[in-house]
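Each chain gets a letter, A, B and so on, in the order its sequence line appears, and its residues count up from 1.
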2 protein chains.
Amino acid sequence: MVKPKRLSRSCVLRLELYLEIIEQFQKEGRQYVTSSDIGSALGIAPGNVRQDLFGLGSAGRPKVGYEVTRLIALIRDLFDLDREKPACIIGFGNLGRALAGSNMWSRGGYKLAAIFDNDPSIVGTDFAGLRVRSIAEIFGVIKTQGIEMAVITVPASAAQEVADIVQNAGVKAIWNFVPVRLNMPETVAVENQSLAWGLITLSHRTRPAQ
Amino acid sequence: MVKPKRLSRSCVLRLELYLEIIEQFQKEGRQYVTSSDIGSALGIAPGNVRQDLFGLGSAGRPKVGYEVTRLIALIRDLFDLDREKPACIIGFGNLGRALAGSNMWSRGGYKLAAIFDNDPSIVGTDFAGLRVRSIAEIFGVIKTQGIEMAVITVPASAAQEVADIVQNAGVKAIWNFVPVRLNMPETVAVENQSLAWGLITLSHRTRPAQ
DNA sequence: ATGGTGTTGTTAACAATTTAACGACTAATC
DNA sequence: GATTAGTCGTTAAATTGTTAACAACACCAT
Ligand SMILES: NC(=O)c1ccc[n+]([C@@H]2O[C@H](COP(=O)([O-])OP(=O)(O)OC[C@H]3O[C@@H](n4cnc5c(N)ncnc54)[C@H](O)[C@@H]3O)[C@@H](O)[C@H]2O)c1
Ligand SMILES: NC(=O)c1ccc[n+]([C@@H]2O[C@H](COP(=O)([O-])OP(=O)(O)OC[C@H]3O[C@@H](n4cnc5c(N)ncnc54)[C@H](O)[C@@H]3O)[C@@H](O)[C@H]2O)c1
């Protein structure tokens, strides 16, 4: 009997890495992986790996390691990756196009179900079998298609307005790429993908010692 | 006398948020901000803010708050944001273009000094006063322009090869957007911007309780 | 001046996470 | 079979990060 113990953010982050590397092992045809396999591939202590995996309900055999398929299933279930929730992209500019074409959707969890823009020269064009729709349709489409997540890649001036609309339409999660702090109720999970972080972090990490 | 105490990752993350919000206060014409101002704008306890700021060397006055200009200067110095290090983007596809056009460069730390691609129909085109150069020139350009950071946005198949080149050319930092774990020596700071994380995290956060 | 009030700098308690350790179990070997 | 070696599950310790608390101090009103 496993309690729904809350995982720390860093643990979730590691689990995501584990999944990635384990899937790679699977591609190489391996049936079992050990905590050392995972750890050394990732620069994480094997004990740390075991403890993280411990929380998932055990799937390992002493002397042999963890069964790859079972481990993948456990992590995918933890992240709810096997339920393909409908998602949409709002703002089909450079960033929106890059995200739409990214292979990140292939891991599951969400499937791209709609794209919106307000530029008449973009609306109506096709992308991977999806017609870019007018922003005017957004409320209705979210409702009828049951869209649960919205990727926001519009200019900063429109971000809050767009967020308000999708929230009212019933979206559960927002992935916000716009450098604006969205004002949203607690009930909506907002993930801010501030790329400036990466830039600043690198600048900090390579700062010459003083 | 302040020691070069190592900051935790989450502290760095918060400090970046502080900088953002303090600059906003500055735009509004304020000269002083209190830890409560910062905290309530960000949903962080004021004491936490003070403790983070404490490590920077004090800049605050009781009853008044922190001097905005001094605080900004301290954080910018911590992150080495005032030295505009030359950076380049490699792979000028959708993502490369979105990043090149992003306003994240305006905060400083790096300035976009070169763009590379290997597609003849892209090489030679202009972007914001920068000519997209052939990948063949990359080694020489990095050397002569003293480029310190490379943003990698090429297809997965080319990522490691590109990383090896820039590393040999003397780049100190790599911002890797490709879902591939780069094999790099310790001397190079690699920041993996795996967008899949955001996706998975949202899927996890909105997972229905079981 | 003087007392009141709000905010910092700093320390201490507390909580969470990471690291270490080790018994238990499994498979292989002799 | 017994023994050995390798790896897991689990507990405990150490480290780190967060929260709370409060004295010292600066400004303000009187
Ligand atoms: N997270 C980052 O650091 C990062 C990086 C790059 C871009 N961005 C942000 O992403 C956003 C988009 O960047 P981009 O380079 O793709 O810009 P872009 O101009 O190429 O794309 C914006 C798109 O949004 C559409 N749009 C504008 N208003 C709209 C509205 N009200 N409803 C629907 N669509 C609307 C436009 O027609 C355009 O197609 C910007 O806010 C930018 O700051 C962030
Ligand atoms: N981090 C994420 O989740 C995320 C999101 C979107 C895209 N991506 C990744 O970013 C990369 C680019 O995505 P995109 O949508 O911009 O693809 P894209 O095809 O639009 O752009 C790739 C560009 O790289 C150029 N290129 C190819 N080989 C090269 C080489 N050897 N040297 C220099 N340039 C080369 C191509 O000419 C093209 O212009 C992909 O690897 C993709 O997986 C990641």
Side-chain angles (χ1 to χ4, degrees), chain A residues 1-18 21-22 25 30-75 78 201 204, chain B residues 1-18 21-22 25 30-75 78 201 204:
Chain A
M1 183 56 188
V2 182
K3 300 112 259 122
K5 180 171 48 172
R6 267 262 307 284
L7 296 114
S8 72
R9 174 159 189 85
S10 33
C11 182
V12 170
L13 230 64
R14 280 195 304 272
L15 252 358
E16 291 171 10
L17 291 175
Y18 299 166
I21 207 78
I22 295 166
F25 279 128
R30 298 191 48 175
Q31 289 202 319
Y32 292 90
V33 292
T34 68
S35 55
S36 307
D37 292 337
I38 300 172
S40 67
L42 254 32
I44 296 176
N48 199 343
V49 176
R50 281 204 300 281
Q51 186 147 0
D52 287 339
L53 261 30
F54 174 47
L56 264 61
S58 304
R61 288 204 320 208
K63 179 90 176 194
V64 176
Y66 298 88
E67 193 186 345
V68 168
T69 56
R70 177 156 164 67
L71 209 44
I72 290 177
L74 279 173
I75 301 179
L78 172 73
T201 304
H204 177 235
Chain B
M1 184 55 187
V2 182
K3 299 114 260 124
K5 180 172 46 175
R6 268 264 304 284
L7 296 114
S8 73
R9 175 159 189 82
S10 33
C11 181
V12 170
L13 231 65
R14 282 195 303 272
L15 252 359
E16 291 172 8
L17 291 176
Y18 298 167
I21 206 78
I22 295 165
F25 279 129
R30 297 190 49 174
Q31 290 202 317
Y32 292 90
V33 291
T34 69
S35 56
S36 307
D37 291 337
I38 300 173
S40 67
L42 254 32
I44 296 176
N48 200 342
V49 175
R50 283 203 298 281
Q51 185 147 2
D52 288 338
L53 261 28
F54 174 46
L56 264 60
S58 306
R61 289 203 319 208
K63 178 87 180 200
V64 176
Y66 298 87
E67 193 186 344
V68 168
T69 56
R70 178 156 165 67
L71 208 45
I72 291 178
L74 279 171
I75 300 179
L78 172 74
T201 304
H204 177 235

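Note: CZ (R50(B)) to C1' (dT7(C)) measures 7 Å, nearest angstrom. In this structure, the CG atom of N48(A) is 18 Å from the P atom of dA16(C), given to the nearest Å. Atom P of nucleotide dT19(C) and atom CG of L53(A) are separated by 16 Å, given to the nearest angstrom. Look at CZ on F54(A): it is 16 Å from P on dA24(C), rounded to the nearest Å. Note: OH (Y18(B)) to P (dT8(C)) measures 12 Å, nearest angstrom. If you take CD of E67(A) and P of dT26(C), they are 15 Å apart, rounded to a whole angstrom. One atom, CZ of R9(B), and another, P of dT17(C), lie 16 Å apart when rounded to the nearest Å.
OP1 or OP2 of dT26(C) has not a single side-chain nitrogen or oxygen of Y32(A) nearer than 4.0 Å.
Note on residues 37-56 of chain A: pairs passing salt bridge (charged side-chain N to carboxylate O under 4.0 Å, His left out), not counting sequence neighbours, are R14(A)-D52(A), R30(A)-D37(A).
Looking at heavy-atom distances under 4.0 Å, G65(A) makes contact with sugar-phosphate atoms alone, never a base.
Under the side chain to side chain contact (heavy atoms under 4.5 Å, CB included) criterion, Q51(A) pairs with no residue at all, not counting sequence neighbours. For the side chain to side chain contact (heavy atoms under 4.5 Å, CB included) test, residues two or more places apart in sequence or in another chain that qualify with L42(B) are R181(A), L17(B), Y18(B), I21(B), I38(B), I44(B). Take E67(A) and apply the side chain to side chain contact (heavy atoms under 4.5 Å, CB included) test, not counting sequence neighbours, and it matches Y32(A), T69(A), R70(A).
Mapping heavy-atom proximity under 4.0 Å, the span of DNA chain D touched by chain A runs 5' to 3' from dA5(D) to dT11(D).
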Pull out every protein N or O sitting under 3.5 Å from an N or O of nucleotides 27-30 of chain C, one pair per line with the distance.
from	atom 1	to	atom 2	distance (Å)
dA27(C)	OP1	R61(A)	NH2	3.2

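Distance CG/L7(B) to CG/L13(B): 12.0 Å, rounded to 0.5 Å. Remark: L56(A) CG to L74(A) CG distance equals 5.5 Å, nearest 0.5 Å. Distance OG1/T201(A) to CD/E16(B): 4.0 Å, rounded to 0.5 Å.
In this structure, P46(B) and S35(B) approach most closely via the heavy-atom pair O-CB, 3.7 Å. Between I22(B) and I72(B), the closest heavy-atom pair is CG2-CG1, 3.6 Å. Closest approach of T34(A) and V64(A) over heavy atoms only: CG2-O, 3.7 Å.
Remark: T34(A), S35(A) in residues 34-45 of chain A come within less than 4.0 Å of DNA chain D through at least one heavy atom.
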